[in-house]
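Working notes, beginning with the structure itself.
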Amino acid sequence: MNAVTSLIPQLDALRAGFLAREHRLFVNGRWVPAQSGQSFEVLDPSTGKHLARAAAGEAVDVDAAVKAARAALETGAWPKLTHAERARLIFKLADAVERNADELALIESLDGGNPLRSTRNVDVHLGVESLRYNAGWATKLTGETALSSPQSRSFTFTLREPIGVVGAITPWNAPFLMAVNKIGPALAAGCTVVLKPAELAPLSALRLAQLIEEIGFPPGVVNVVTGFGHTAGQALVDHPDVNKISFTGSTRVGKSIVTGSAAHMKRITLELGGKSPVVVFPDADIEAATQAVSRTIFFKTGQFCMAGTRLFAHEKVFDKIASGFEDLAGKVKIGPGVAPDTEMGPIISQKQLDRVLGYIAASAKDGAEIVTGGKRVDREGFFVEPTLLANVRPEMSVFQDEIFGPVLCATPFKDASELDRLAQYANDTSYGLAANIWTRDISNAIGLARRIKAGNITINGGAREQSMPLGGFKQSGIGREGGRDGVEAYTELKIVSVGL
Ligand code: NAD
């Protein structure tokens, strides 16, 4: 863990410099105001007060950015680069992010509210890893020689070509990492990008664009249009000259992207919401499971797509885990993201905070027990206590819906040998993003992992790396991001058959 205390003196310079600036759109390698002249206020969620202003890009700005991306894709310097030169630029971007990691983490913590220790050591760190991982693919993406039968008198091979202009739309909960997770593989595949960051946390994408400009990507290869979802985001989805939408966000908006993309048959990758189960068998390492269950709720204040928010623990260990969570929740240091000792920051906005509190109130009405937490924290900003709800039943909305707050719903089970029943419980939502299993019994572990319908399963806290594809079953998404599958998702596969 990096010492984050040393970052605090940089805050004043950041406030007087980057944050005070009138932020513009990054289009065709230049910083331009929104054509309407409009801008919007970005709030600091730990105070609810002004943090910065960003340009409110609309359809006309998106159109200019898409034109720039198209020109860069087809006629600029970008398609003339060798694969190695393209890789070198992405590696240079990774180095630039690493050199500026402290500043990027501060921006991310101010804008999204997450603790510096996680923005610095998770988001920005993984962003660097992600860029380097994907840079490597620029020189390794290949087609195959297809098997042609001798009678066909043909020689056939496949090519992987860039899919074209990519519209990347990102959420507010991990804005920096989500942006580089899209830009890196898109560039490695030879595409050009128009990025539309979330209006609630657009600032790290703008700092990233400055780095992209500094290290000399050809103009138009990456464009950043800040603005609202229903204007700038929708315009990107509707634009006839965008070939692919790579979207991370809510399932609700993901569905509108499926519909909107149909008009021009755009390719889509959708990384959507989750309501992931954590199943703890009685033979598990209960201490480790309790720590992990708690961390996933405190991490990003539960605003984390893969958070294990539905706990199913065997009745023999249920109380121990519940009281362990209660204990850790009582000790977790809640505060502004940029305070060095903060372990859990605020919720992103007043609206989102009201939503979280609304779910908790509704669950209590439906008969759930609030074991700990459940209230707004009495201080400025959008803070809520880490919350444990017991007696949660599948028909309750807190069991079914992604709350996106620090709320753990817990239910005991009796029979550890009934894997079908356990899997049924685990699968009983419309989501299928992740699942976590804790047991020392390999048959139960693998047996349940096979039965659960989710894209990312961990057993006893197994870790993720950049080389692993991430994505959801069911309404948690379409396609995969990360790994080889993630880069290939920015290519079209072409077959060429030569008659001999
Ligand atoms: P959101 O869906 O509200 O917004 C995401 C992005 O879509 C924003 O940039 C927004 O401006 C834009 N948008 C909104 N309406 C649009 C429209 N009609 N057309 C085009 N774009 C539009 O999501 P959010 O609240 O910012 O983020 C939280 C969600 O993201 C959660 O559901 C979370 O699970 C999900 N998420 C998923 C993953 C994953 O990898 N599966 C990762 C992080 C977050």
Side-chain angles (χ1 to χ4, degrees), residues 40 42 45 54 56-59 62 111-112 114 122-123 126 130 167-182 194-202 204-205 224-239 242 245-261 263 266 268-276 296 299-309 347-349 351-353 355-356 401-405 429-434 454-456 464 468-483 486:
F40 62 95
V42 182
E58 294 179 358
V62 166
D111 203 2
N114 292 305
V122 180
D123 296 70
L126 289 182
S130 168
I169 304 178
T170 49
W172 45 260
N173 67 327
F176 179 77
L177 185 58
M178 297 300 117
V180 296
N181 276 351
K182 297 188 186 308
V194 178
L195 169 68
K196 206 301 279 174
E199 55 271 40
L200 288 172
S204 58
V224 179
V225 178
T226 49
F228 295 98
H230 63 281
T231 50
Q234 189 68 51
L236 204 46
V237 175
D238 291 341
H239 201 291
V242 170
I245 294 291
S246 175
F247 173 79
T248 301
S250 62
T251 295
R252 182 184 61 80
V253 176
K255 286 181 183 178
S256 80
I257 287 174
V258 173
T259 313
S261 303
K266 286 188 180 68
I268 49 174
T269 300
L270 303 177
E271 296 291 341
L272 308 177
K275 187 78 187 180
S276 301
T296 185
F299 180 63
K300 291 189 185 290
T301 320
Q303 304 165 112
F304 171 47
C305 55
M306 293 206 287
T309 49
I347 293 285
I348 188 73
S349 65
K351 187 173 165 210
Q352 195 65 20
L353 175 67
R355 188 170 173 271
V356 173
D401 298 352
E402 183 183 50
I403 300 175
F404 236 48
T429 75
S430 58
Y431 295 109
L433 189 56
N456 312 272
R464 271 195 58 74
M468 301 171 189
L470 168 76
F473 281 33
K474 303 193 301 189
Q475 294 192 26
S476 286
I478 295 178
R480 294 292 178 270
E481 203 162 68

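The structure displayed is predicted, hence computed values, not measured ones. Whatever order the structure lists ligands and atoms in, that order sets their numbers, starting from 1.
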Review point. What is the nearest protein non-hydrogen atom to atom 10 (C) of ligand 1, stated with its residue, atom name and distance?
Key: Glu199 OE1, 3.6 Å
**Study point:** atom 35 (C) of ligand 1: nearest protein contact (heavy atom, Å)
**Key:** Gly249 O, 3.1 Å
Check your understanding: Between Thr248, Leu195, Leu177, which is the residue that forms a side chain to side chain contact (heavy atoms under 4.5 Å, CB included) with Lys182?
Key -> Thr248
Review point. Can you tell me how far CD1 of Ile257 sits from OG of Ser261, rounded to the nearest 0.5 angstrom?
Key: 6.5 Å
Review point. Does CZ belonging to Arg464 count more than 12 external heavy atoms closer than 6.0 Å?
Key: yes
Practice item. Answer side chain, backbone, both or neither: which part of Leu433 comes under 4.0 Å from ligand 1, heavy atoms only. Key: side chain
Check your understanding: Heavy atoms, side chains only, cut-off 4.5 Å: are Gln352 and Leu200 in contact?
Key -> no
**Study point:** Audit row: Val237, Ile169, side-chain contact (heavy atoms from CB on, under 4.5 Å) steps and yes/no
**Key:** CA-CA 9 Å; Val237 175; Ile169 304 178; 3.9 Å; yes
Check your understanding: At a 4.0 Å threshold, what atoms of ligand 1 neighbour a non-hydrogen atom of Asn173?
Key -> 43 (C), 44 (C)
Revision key, fill the gap. The protein heavy atom nearest to atom 39 (C) of ligand 1 is Cys305 SG, 3.3 Å
Review point. Protein heavy atoms: any of them under 4.0 Å from atom 4 (O) of ligand 1?
Key: no
Review point. So between Ser250, Gly477, Gly472, Ala307, whose heavy atom ends up nearest atom 2 (O) of ligand 1?
Key: Ser250
Review point. Heavy-atom distance under 4.5 Å between the side chains of Asp111 and Trp172, does that happen here?
Key: no
**Study point:** Minimum-distance protein heavy atom relative to atom 24 (P) of ligand 1
**Key:** Trp172 NE1, 3.3 Å
Check your understanding: Does Gly432 offer a backbone N or O that forms a donor-acceptor pair with the side chain of Ser476 under 3.5 Å?
Key -> yes
Point to revise | Subset of ligand 1 atoms that lie under 4.0 Å from at least one heavy atom of Pro197 | key: 9 (O)
Exercise for review: Heavy-atom distances under 4.0 Å are what count here, so tell me which part of Glu402 touches ligand 1: side chain, backbone, both or neither.
Suggested key: side chain
Point to revise | Phe304 near ligand 1 by a heavy-atom separation under 4.0 Å | key: no
Practice item. Can you pull out the closest protein heavy atom to atom 9 (O) of ligand 1? Residue, atom name and distance to 0.1 Å, please. Key: Thr170 O, 2.7 Å
Review point. Donor-acceptor pair, Glu199 side chain versus Thr226 backbone, under 3.5 Å?
Key: no
Review point. Which of the numbered atoms in ligand 1 are below 4.0 angstrom from a heavy atom of Thr248?
Key: 5 (C), 36 (N), 37 (C), 38 (C), 39 (C), 42 (C), 43 (C), 44 (C)
Review point. Any idea which atoms of ligand 1 are less than 4.0 Å away from a heavy-atom of Ile169?
Key: 6 (C), 7 (O), 9 (O), 12 (C), 20 (C), 21 (N)
Review point. Got a second to check how far Leu270's CG is from Gln475's CD, nearest 0.5 Å?
Key: 11.5 Å
Check your understanding: Looking at atom 28 (C) of ligand 1, what's its closest protein heavy atom, distance included?
Key -> Phe404 CE2, 3.4 Å
**Study point:** Contact check, Ser476 vs ligand 1, heavy-atom distance below 4.0 Å
**Key:** no
Study note, to complete from the structure: protein heavy-atom neighbour closest to atom 13 (N) of ligand 1 works out as Gly229 CA, 3.4 Å
Practice item. Please tell me if the side chains of Leu433 and Phe473 come closer than 4.5 Å, counting only heavy atoms from C-beta onward. Key: no
Study note, to complete from the structure: Under 4.0 Å from one or more heavy atoms of Val253, ligand 1 contributes atoms 2 (O), 13 (N), 14 (C), 15 (N), 16 (C), 17 (C), 22 (C)
Check your understanding: Going by distance only, is there an N or O of Gln234 that falls short of 3.5 Å from an N or O of ligand 1?
Key -> yes
Point to revise | Leu470 vs Glu271 side-chain heavy atoms within contact, under 4.5 Å | key: yes
Study note, to complete from the structure: The atoms of ligand 1 lying under 4.0 Å from a heavy atom of Gly273, numbered in the order shown, are 32 (O), 34 (O)
Exercise for review: Around atom 37 (C) of ligand 1, find the nearest protein heavy atom and jot down its residue, atom name and distance.
Suggested key: Leu272 O, 3.1 Å
Check your understanding: Is a side-chain N or O of Lys300 found less than 3.5 angstrom from the main chain of Asn173, in a donor-acceptor match?
Key -> yes
Check your understanding: Taking only heavy atoms of Gly233, which atoms of ligand 1 are found under 4.0 Å from at least one of them?
Key -> 19 (N), 20 (C), 21 (N)
Exercise for review: Quick one: sort the Phe304 and Phe299 rings into parallel, tilted or perpendicular, breaks at 30° and 60°.
Suggested key: perpendicular
